[in-house]
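Chain letters run A, B, ... following the sequence lines, proteins first, then strands; residues in each count from 1.
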Amino acid sequence: MGELRLMKGNEVIAEAAIRCGCDGYFGYPITPQSEVMETLMAREPWDETGMVVLQAESEVASINMVYGAAGSGKKVMTSSSSPGISLMAEGISYIAGAELPCVIVNVQRGGPGLGTIQPSQADYFQSTKGGGHGDYKLIVLAPASVQEMNDFVELAFQLAFKYRNPAMILSDGAIGQMMEKVELSDFQPRLTAEEIKARYGSWATTGKTADRDYNIVTSLEMDSAKMEHNNLRFQEKYRTMEEEEVRYEMIECDDADYVLVAFGSSARICQKSVDIARAKGLKVGLLRPITLFPFPKKSIAELAKRVKGFLTVEMNAGQMIEDVQLAVGCSGNNVPVKHFGRMGGIIPTPGEVAEALEQKLIGG
Amino acid sequence: MDLAEIIKPENLVYKKPNLLTNKTMHYCPGCSHGVAHKLLAEVIEELDIQEKTIGVSPVGCSVFAYNYISIDWQEAAHGRAPAVATGISRVNPDKVVFTYQGDGDLASIGTAEIMHACNRGENMVVIFINNAIYGMTGGQMAPTTLLGQVTATTPCGRDLERNGYPLKITELIGQLPGTSYVTRQSVHTPAASRKCKKAIKKAFENALAKKGTSFVEIVSTCNSGWRMTPVDANNWMEENMFPFYPVGDIKDAEKAGPEAFTKKN
């Protein structure tokens, strides 16, 4: 059993980063995630593990600092909230194009624009469909608890390095701000310069030595045929992720007639909604995608063959519903797919979800 | 004397630095980038720091700088090279990191990144090529374009009311306590190139000695963008650029810090 603590989701991100041997964090303050950098600064990990923590002049700078440090083979990350992630979109596209591993945490707040500081899930499209320019995908993990804020930091790094691709932890203001019991991960040492050279020296800017040609970290290729080749390689990588990295949780789906599909905070609420519906004698289950990209479309398609309908519950105007509809469409059994959402920083109650289920799906 | 006799070590008076690759440069004949690259390669070679030097190339004509010098490179988004260099330098304090940026990259879109990196005193070298124009995109007005200068987006000359003043960003950088060495050089004559090489060498020695940010502006020609022959471009630069961008050291301090404010100008 690891060390048990009562902590905020944002604080846990910081603690997990230190414990997993992260080399650097670059960030800029924005509500509701500022505790990530505050916790790191208070913990002074540079003394303990040698981890660098730097407050940048902007989100634009922080993501480019991540680019530079990641390009040298280091394990580095940033965190922000929705408007800040929009500012990082350029840098994230470059990181994906240069195939660099890094972790980006988005503690979402309501938009558009300056929006609100309250929780939201309205960055689903931005996170899962690219967000910046060009054809690229992020690996997107959606934590639904403070425990998963801990667990997904190392998982995101593992996936990022496995695929040399940026990974995003798509959280929200509720998970970031709430306190829960958490079992912290054990400490693992940072990689040494020699280990980094041995593992990533074939591509990272570890310094040109006589035993290899010089390395260039870039997303640029002026030859269209080569650039298309790069794109095809990226697409192949994304397909491999879809084959091998899909993660999801199914709750009471075995006998379900109706299935709620929800991630993150919404999934937490939907667990209670399932209980409410079951108490009324309705056979309702919950599918919680843990990876939003790759999306558990096969599991949804399988469910679609035997259930009567789906309700996606999202703190947005209806974004993930499009992926559920696509998956259901692939099943050959076009059962209804409906959406229930709240916006502007409002968190739906379990009761409203159960009510929406009856009105939109069962009664409709 | 036949060729075999001529090519003998004792007859060698000049050779391409070993670190310059054999790739044909894409720069226009007459452009200052080629000389600047050569000086940079010579300095890295003479200091024997190939294994610990990481270059960051910008967006602009010198985006392909990484094709020409045999060291590890990272190519940054437009204007973001100082942030990329900060990231590399912070997690690799044993490395010598430099950015190579043009005036559009450094003094327009990347103003925030360069000011803050220099103000934090990131241990790095900045090579700033100022040719008062956007070269790669076809000769548009740059922040450093002189008043009255004709460019693709100032066809009647840069107009004060419409376009504002040219930006002397190197003087601003000289005011920042994070910088220890700030200088303006040129490479239009052999003598100027020798001085410029000394400046680049000092900047890299400062980085090795952890003296914060060293900043070398090279006032340069873009004869293609300026629509001039290389010789005319050199003359135009001397007559028009140097009075506004005077060559010489702006700051040369023992180390970065609050006391390291501007000595000259």
Participant: Between B/Ile71, B/Thr53, B/Thr86, which residue shows the highest count of heavy-atom pairs closer than 4.5 Å to chain A?
Facilitator: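 Most heavy-atom pairs within the cutoff with chain A belong to B/Ile71.
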Participant: Take B/Arg80 and A/Ile63 through the test side-chain contact (heavy atoms from CB on, under 4.5 Å) and record every step on the way to the result.
Facilitator: CA-CA 10 Å; B/Arg80 317 299 177 218; A/Ile63 194 67; over 6 Å; no
Participant: When you look at CD of A/Gln188, are more than 12 heavy atoms from neighbouring residues, nucleotides or ligands closer to it than 6.0 Å?
Facilitator: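 Atom CD in A/Gln188 is crowded, with more than 12 foreign heavy atoms closer than 6.0 Å.
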Participant: So which residue, B/Ile88, B/Asn67, B/Ile69, ends up with the most heavy-atom pairs under 4.5 Å with chain A?
Facilitator: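 Most pairs with chain A among the choices: B/Ile88.
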Participant: Pick from A/Gly91, A/Gly71, A/Gly24, A/Ser58: which one has the most heavy-atom pairs with chain B under 4.5 Å?
Facilitator: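 The answer is A/Gly71.
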Participant: Does any backbone or side-chain atom of A/Val66 lie under 4.5 Å from a heavy atom of chain B? Answer side chain, backbone, both or neither.
Facilitator: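 For A/Val66, no heavy atom lies under 4.5 Å from chain B.
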Participant: Relative to chain A, which segment of B/Thr21 carries a heavy atom at a distance below 4.5 Å: side chain, backbone, both, or neither?
Facilitator: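 Answer is side chain: those atoms of B/Thr21 sit under 4.5 Å from chain A.
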Participant: Rounded to the nearest 0.5 Å, what separates atom CZ in B/Phe64 from atom CG in A/Leu220?
Facilitator: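 Output value for this atom pair is 4.5 Å.
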Participant: Using non-hydrogen atoms and a 4.5 Å limit, figure out which bit of B/Ala76 sits close to chain A: side chain, backbone, both or neither.
Facilitator: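 Contact with chain A is through the backbone of B/Ala76 alone.
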Participant: Of the backbone (N, CA, C, O) and the side chain (C-beta and beyond), which part of B/Ile49 lies under 4.5 Å from a heavy atom of chain A, both, or neither?
Facilitator: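 Contact with chain A involves no heavy atom of B/Ile49 at all.
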Participant: Side chains of A/Ser72 and B/Val91, heavy atoms from C-beta outward: is any pair under 4.5 Å?
Facilitator: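 Side chain of A/Ser72 against side chain of B/Val91, heavy atoms only: contact under 4.5 Å found.
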Participant: So which part of A/Arg212 gets closer than 4.5 Å to some heavy atom of chain B, the side chain, the backbone, both or neither?
Facilitator: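 Interface part for A/Arg212: side chain.
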Participant: I need the minimum non-hydrogen distance between A/Asn64 and B/Ala77, along with the two atoms involved.
Facilitator: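 Looking at all heavy atoms of both residues, the shortest contact is OD1-CB, 4.2 Å.
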Participant: How many angstroms lie between CD in B/Gln74 and CD1 in A/Ile216, if you round to the nearest 0.5 Å?
Facilitator: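 That separation rounds to 11.5 Å.
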Participant: Any heavy-atom pair between the side chains of A/Tyr94 and B/Val84 that's under 4.5 Å?
Facilitator: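 No, side chains not in contact.
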Participant: List the atom of A/Tyr214, the atom of B/Tyr66, and the distance in Å for their closest heavy-atom pair.
Facilitator: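 Heavy atoms of A/Tyr214 and B/Tyr66 come nearest at OH-O, 2.8 Å.
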Participant: Can you tell which part of A/Leu54 gets under 4.5 Å to a heavy atom of chain B, answering side chain, backbone, both or neither?
Facilitator: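 Just the side chain, heavy atoms under 4.5 Å.
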Participant: Identify which part of A/Ala210 has an atom lying under 4.5 Å from any heavy atom of chain B, answering side chain, backbone, both or neither.
Facilitator: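 Looking at A/Ala210, just its backbone touches chain B.
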Participant: Closest approach of B/Gly87 and A/Phe26, non-hydrogen atoms and distance?
Facilitator: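 So the minimum-distance heavy-atom pair works out to CA-CZ, 4.0 Å.
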Participant: So A/Val60 and B/Glu113, do their side chains get closer than 4.5 Å, heavy atoms only?
Facilitator: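 Contact flag for B/Glu113/A/Val60 side chains = yes.
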Participant: Take atom CZ in A/Phe157; do more than 12 heavy atoms of anything else shown fall under 6.0 Å from it?
Facilitator: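 More than 12 heavy atoms, drawn from other residues, nucleotides or ligands, come within 6.0 Å of this atom.
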Participant: A/Ala98 versus chain B, heavy atoms under 4.5 Å apart: side chain, backbone, both or neither?
Facilitator: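 Answer is neither: A/Ala98 stays 4.5 Å or more from chain B.
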Participant: Test your reading of the model: is there a side-chain donor-acceptor pair from A/Asn215 to the backbone of B/Asp72, 3.5 Å cut-off?
Facilitator: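 Not at all, since once roles are kept as given, no pair shorter than 3.5 Å links the two residues.
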Participant: To the nearest 0.5 angstrom, please state how far the CE atom of A/Met65 sits from the CD atom of B/Glu122.
Facilitator: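 So the gap between those two atoms works out to 6.5 Å.
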Participant: More than 12 heavy atoms of other residues, nucleotides or ligands under 6.0 Å from CG of B/Asp48: yes or no?
Facilitator: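 At most 12 heavy atoms, drawn from other residues, nucleotides or ligands, come within 6.0 Å of this atom.
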Participant: Heavy atoms only, distances under 4.5 angstrom: which of A/Glu90, A/Met222, A/Lys208 has the most pairs with chain B? Name it, please.
Facilitator: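 It is A/Lys208.
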Participant: In the structure I gave you, are the side-chain heavy atoms of B/Asn119 and A/Glu57 within less than 4.5 Å of one another anywhere?
Facilitator: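 They are not in side-chain contact.
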Participant: Can any side-chain N or O of A/Tyr67 pair as donor or acceptor with the backbone N or O of B/Glu75 at less than 3.5 Å?
Facilitator: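 Between the backbone of B/Glu75 and the side chain of A/Tyr67 there is a qualifying donor-acceptor contact (under 3.5 Å).
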Participant: Other residues, nucleotides and ligands only: do more than 12 of their heavy atoms fall within 6.0 Å of NZ on B/Lys23?
Facilitator: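 Above 12, so yes.
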Participant: Heavy-atom pairs under 4.5 Å with chain A - which of B/Lys95, B/Lys52, B/Met115 has more of them than the others?
Facilitator: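 The residue among B/Lys95, B/Lys52, B/Met115 with the greatest pair count is B/Lys95.
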